[in-house]
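Remember, it's a predicted structure, so these values are computed and weren't measured experimentally.
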Amino acid sequence: MKKHSNEKDELTDKRRFSYRMNVFFFASFVIFSVIIVRLAFLQFVEGPELSQEEASNITKDVPLPPVRGTIYDSTGEVKLAYSKPIQSLYLTLYKNYGDVDGKPSPNIGEVQDIATRLHDVFEQYKLKDSESLTVEKIIEEMDLNSRKANGFMPRLIKSDLSEEEVAYFLQHKDEFKGIQIVEESVRFYDPDTVAVQTIGYLKKFRSSKSLNKYKEVDEANKTQTDPGLVYTENEFVGFDGLELQYQDALRGKSGYTSVDVDLRNLPEGVAGSTPPQKGYDLISSINKNVQVKTEQAILDQLSWLHRNPVSGRLHPNAKTGFAVAMEVDTGKIVSAASMPDYDTNIWRTGSITNDQYDDIKYVYQNGTIRSFPPDDSKKRAESIVLLGSTIKPLSVLIGLKEGFFTTNTVYSDRGSTTFGGDNRRVQNSSGHVYGAMYPRDAIRHSSNVFMIDEIGKKMYSKYGATGIDKWDEYMKQFGLGVSTGVDLPNEFLGIRDYMNDTESSLTRLVYGSFGQQGKYTTMQLAQYTTMLANKGKRMEPQLVREFRDSEGNVVEKVKPKVLSTVEFNDAYWNEVQRGMATEVSAFSGFPYDFARKTGTSTQVVGGKLVDNGVFIAYAPRNNPKLAVAVVIPEGGFGSSSAAPVARAIFDAYDEEFGLDGVPKKDKNKDSDSESGTQ
């Protein structure tokens, strides 16, 4: 019995052993199968990707700064912004000099030695009165802990080396392991300060990330697969004006050096190099001669207003002036002056001192497209002003279009009128009584009461409270209160005071009808004037004529663009054009018939009323070539403050291009040549 029990137990043990062996072999089979499948997946699926990643871990691309394109004036010959080559000293670290576990590297002595020797060379060849580059500053630029750049990236130690410094380092290169002389470029601007706020300036990429554009670039840098599009922290980028607007075209593409690195991310050698690609050159529409004469005319006029009484008083607070000259058929901006200006070359290093900023902070922005007070006290007029009487041609167009009167309607001007339940009274300038007049006469005499009785009141009678929306629609059709489309960043759209519902719709329509309910930029005013000249085509203001490659080939011509068109009866346009005939002494002897409108906009600044000079004009009257808008804040009457600037612009354009199609400079040359041969 006992023997039988032992045999049974033995059989059970064998079965258990056999079961365990089967489980073991099965588990082994499963494990090996998983390993084999994984190895196959790694080899055939992930293999190429891992190989590429392995290669990228071994070879890194070090960007070389691109060569920025040149900005020319309209002739394609005068350089308004250009780059000059300079020599810079870079240092590549071949050891890990960074902190180890929070403690200075054991190699820190070598760092001190390198920095001291570099400092001694810089001091030896330092120019008189130039700033010293201290040992501490050199070590900071070496970026020992790779906070600014990867370990394999060369560190910029000093830019714009002198010839003596370049010669020394080339001769003693073996004594400074890792140093490299690299040719870079520095941006220079026309020393005559031509349209500086329009051209813009550069800053270093690392200090430009407040702009959305460079925030996006910085983010894209992290995943950028094209080394040519990678921005380095020390690279100069456009920060305003055309430099910013056309950053991508002007920049070109970075070059790069492929560097072999070790597991510590330190360089071992150079695998190859790809040179940078030069950016496109930009041919602007700004003509230097016209621009310089525009700028000088504003400065001369401001000085004149400080010395000569107008309407019995001087205008000492007339400190700024703005002017835009726009070709009627093309929309090209020939001159755009925001004065006073400054020398953009102060940005050459990518930054300026606090003292330099204090000197330019009220003039470095472009007042032709932006709104800013010229000083912190806000006691002087802004760069945008009420249109004043320059709105009256448009007011008459609206009245004709709405059927409030015809070109043959006779209105009796009594010098003043009233409106509203409380009979608020408004009069003409100086209370003038003009008597019987046609619509064209209302423009020529600048009758406030005509605009109120025939347009403002009638708009309210026809549309009621929604009349202000109808008025807004007309303003926007003529580019007032909307973007002009100009190819400059940060354009201000104006202030549509007539949309402020603190006053009744009737009041806003009444005051809007003679130019006291909307503040606009000089660029918007120029676009509006162009529409009066070409009878309703809203041309896009353009500051670029074409782009050229490094070989001088035209890669793109910027074609004129009509943004929109308003349809009015031709008789309406003619009536308005006939009315734009105000007497302006500044144009005495002007050889062309021209259309013009003066304006004196009154607004509150620093708690007191001030008069701003505004003037619009186009010439010739029947075949317009050029439209001009000028604004002189706190300059008084537009006829005496702004009109002389416009005259200088028309004369300059006539000299360069010819308002009749014949440049007078060429005609004068021919006359001189004929005189010389007789």
Side-chain angles (χ1 to χ4, degrees), residues 198 245 285 322-336 366 368-370 384 387 390-402 443 469-496 498-499 512 515 518-545 558-577 580 595-597 599 614-619 621-631:
T198 296
Q245 185 75 17
S285 60
F322 311 97
V324 174
M326 183 174 176
E327 290 184 338
V328 173
D329 293 333
T330 67
K332 298 291 188 244
I333 303 299
V334 182
S335 66
N366 191 337
T368 68
I369 65 162
R370 294 184 191 166
I384 62 165
L387 292 189
T390 57
I391 196 68
K392 289 171 181 174
L394 178 51
S395 292
V396 170
L397 276 174
I398 293 171
L400 290 167
K401 178 75 170 180
E402 290 292 331
I443 298 173
D469 296 320
K470 189 68 176 177
W471 182 263
D472 185 49
E473 181 183 323
Y474 277 119
M475 295 300 105
K476 289 178 177 177
Q477 286 178 355
F478 279 79
L480 303 174
V482 294
S483 171
T484 64
V486 67
D487 46 343
L488 286 175
N490 304 314
E491 181 184 16
F492 186 72
L493 303 185
I495 299 175
R496 293 145 55 225
Y498 55 79
M499 296 304 291
K519 300 174 186 175
Y520 305 106
T521 66
T522 312
M523 186 66 69
Q524 288 174 317
L525 194 54
Q527 187 181 59
Y528 154 61
T529 308
T530 300
M531 292 187 71
L532 295 176
N534 63 30
K535 298 183 177 181
K537 291 188 293 184
R538 193 162 76 95
M539 302 300 298
E540 179 182 75
Q542 295 176 342
L543 284 156
V544 176
R545 306 185 75 88
V558 179
K559 297 179 181 178
K561 183 177 180 180
V562 179
L563 297 174
S564 58
T565 303
V566 293
E567 300 294 339
F568 285 77
N569 189 303
D570 202 50
Y572 301 165
W573 293 111
N574 294 337
E575 181 73 2
V576 167
Q577 188 182 85
M580 295 178 69
R596 65 274 192 184
K597 186 72 193 81
V614 188
F615 185 80
I616 62 172
Y618 58 85
R621 180 185 296 273
N622 295 319
N623 185 25
K625 297 295 183 186
L626 190 70
V628 172
V630 181
V631 174

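Side-chain contact between L563 and M539: absent, with no pair of heavy atoms (C-beta onward) separated by less than 4.5 Å. By the 4.5 Å heavy-atom criterion applied to side chains, D472 and Y498 are counted as neighbours. Between I443 and V576, some side-chain heavy-atom pair lies under the 4.5 Å cut-off. Counting heavy atoms from C-beta on, the side chains of K470 and I398 never come closer than 4.5 Å. Side-chain contact between T330 and Q542 is absent, with no heavy atoms from C-beta onward closer than 4.5 Å. Using a 4.5 Å cut-off on side-chain heavy atoms (C-beta onward), W573 and L397 make contact. Using a 4.5 Å heavy-atom cutoff, the side chains of L525 and V324 are not in contact. Between M326 and T484 the shortest side-chain heavy-atom distance does not fall below 4.5 Å.
Rounded to the nearest 0.5 Å, atoms NZ (K597) and CG (L532) are 12.0 Å apart. Distance CG/L480 to CE/M531: 9.0 Å, rounded to 0.5 Å. Distance OG1/T368 to CD/Q524: 10.5 Å, rounded to 0.5 Å. Expressed to the nearest 0.5 Å, how far CD of Q577 lies from CZ of R621 amounts to 5.5 Å. The line from CD1 of I384 to CZ of R370 is 13.5 Å long, rounded to the nearest 0.5 Å. The CG atom of L488 lies 6.0 Å from the CG atom of N366; values are rounded to the nearest 0.5 Å.
When all heavy atoms are compared, the tightest approach of V614 to V631 is CG1-CG2, 4.3 Å. The two residues L394 and M475 have their closest heavy-atom pair at CD2-CE, 3.5 Å. Contact record, A526 with A627: O-CB, 4.4 Å, taken as the closest heavy-atom pair. When every heavy atom of V630 is checked against every heavy atom of A323, the shortest pair comes out as CG2-CB, 4.0 Å. Nearest heavy atoms, S395 versus W471: OG-CH2, 3.6 Å. In terms of heavy-atom proximity, V628 sits nearest to L626 at CG2-CD2, 3.9 Å.
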query: Stepwise, does the side chain to side chain contact (heavy atoms under 4.5 Å, CB included) test hold for V486 with Q527?
result: CA-CA 10 Å; V486 67; Q527 187 181 59; over 6 Å; no

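The backbone N or O of T390 sits less than 3.5 Å from a side-chain atom of Y528, completing a donor-acceptor pair. Under a 3.5 Å cut-off, the side chain of N534 and the backbone N or O of G536 do form a donor-acceptor pair.
Atom NZ of K401 sits in a crowded spot, with more than 12 heavy atoms from other residues, nucleotides or ligands closer than 6.0 Å.
Checked against side chain to side chain donor-acceptor pair (under 3.5 Å), T529 has no partners two or more places apart in sequence or in another chain. With sequence neighbours excluded, the residues satisfying side-chain contact (heavy atoms from CB on, under 4.5 Å) with N574 are K535, D570.
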